[in-house]
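The first residue in the sequence is number 1, and the count goes up from there. For the numbers below, each heavy atom of this structure counts, side chains included, while hydrogens, waters and symmetry mates do not.
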Amino acid sequence: QVQLVESGGGLVQDGGSLSLSCVASGTTFSLNPMGWFRQAPRKEREFVAAIDGSGGRTSYADSVKGRFTISRNNAKKTVSLQMDSLKPEDTAVYYCAVAYSMSWSTETRDYHYWGQGTQVTVSS
C-alpha cells in the first residue's frame with residue numbers, strides 16, 4: 001500500500017521561504033514521476049511541479065517558475081519543494097503525489113497516490 005506523508009507547511013510573510021518534504025513508502029518510488037499540487041479554497045487542485053524518476057527532468061507551473069525548486073532523493077524515498085519569494089496567492093493546501101506509471105505527466109488525473117496535504121499560508 002502506498003503512503004505519502006507531507007511536512008513543512010506553515011505561516012510565512014510575503015517574500016518569505018518554506019521547504020516542503022514528502023516521504024513515500026510502499027511503492028516503486030524510484031521509477032515513477034512525483035509531483036506537488038496545490039488547492040486553494042474554492043478552487044480546483046492545480047499542478048505546481050513535477051520530477052521524473054531519475055531527477056533529471058523537472059517541470060513547473062508558470063506561476064511558480066523561478067521561485068520554486070523540486071528535488072528528490074530516491075535512497076530516502078523523499079521529494080521536496082523549496083519555495084522562495086512566496087506570495088499571498090501561493091496560499092493553499094499542498095499535496096505530494098506519485099504518478100501511477102513511469103510515463104511523464106503533469107496532469108492531476110495521472111497521479112493516483114496522494115498525501116494528506118500540508119497547509120501553506122502566506123500573509124501580506
(message) Suppose the criterion is salt bridge (Lys or Arg N to Asp or Glu O under 4.0 Å): which pairs have a residue in residues 43-61, not counting sequence neighbours?
(response) Arg38-Glu46
(message) Taking salt bridge (Lys or Arg N to Asp or Glu O under 4.0 Å) as the cut-off, I'd like each qualifying pair that reaches into residues 95-107, sequence neighbours left out, listed once.
(response) Glu107-Arg109
Quick check: do [X] and [Y] have side-chain heavy atoms less than 4.5 Å from each other?
X: Val48; Y: Tyr60; answer: no
X: Met83; Y: Val120; answer: yes
X: His112; Y: Val2; answer: no
X: Tyr100; Y: Ser105; answer: no

Considering non-hydrogen atoms only, spot the tightest contact between [X] and [Y] and give its length.
X: Leu86; Y: Val12; value: CD1-CG1, 3.6 Å
X: Trp36; Y: Ile70; value: CD1-CD1, 3.6 Å
X: Gln119; Y: Thr91; value: NE2-CG2, 4.0 Å
X: Leu81; Y: Ala49; value: CD1-CB, 4.1 Å
X: Cys22; Y: Met34; value: SG-CE, 4.5 Å
X: Thr106; Y: Ala50; value: CG2-CB, 4.2 Å

(message) Ala97: which residues meet the side-chain contact (heavy atoms from CB on, under 4.5 Å) condition with it, sequence neighbours left out?
(response) Phe37, Tyr111, Trp114
(message) Is there a continuous path of hydrophobic side-chain contacts, each under 4.5 Å between heavy atoms, that joins Tyr94 to Tyr113?
(response) yes
(message) I'd like to know if Ile51 and Tyr95 are part of one continuous hydrophobic network [Ile/Leu/Val/Met/Phe/Trp/Tyr, side-chain heavy atoms within less than 4.5 Å].
(response) no
(message) Let me confirm one number: the CG-OG distance from Leu20 to Ser80, rounded to the nearest 0.5 Å.
(response) 8.5 Å
(request) Calculate, to the nearest 0.5 Å, the distance between atoms NZ and OG belonging to Lys77 and Ser25 respectively. (result) 7.0 Å
Just by distance, do the side chain of [X] and the backbone of [Y] share a donor-acceptor pair under 3.5 Å?
X: Glu6; Y: Cys96; answer: yes
X: Thr118; Y: Gly9; answer: yes
X: Asn74; Y: Gly53; answer: yes

(message) Less than 3.5 Å apart, any donor N or O on the side chain of Asp84 or Ser17 sitting next to an acceptor on the other?
(response) yes
(message) Can you tell whether the side chains of Asp90 and Lys87 come within less than 4.0 Å, N to carboxylate O?
(response) no
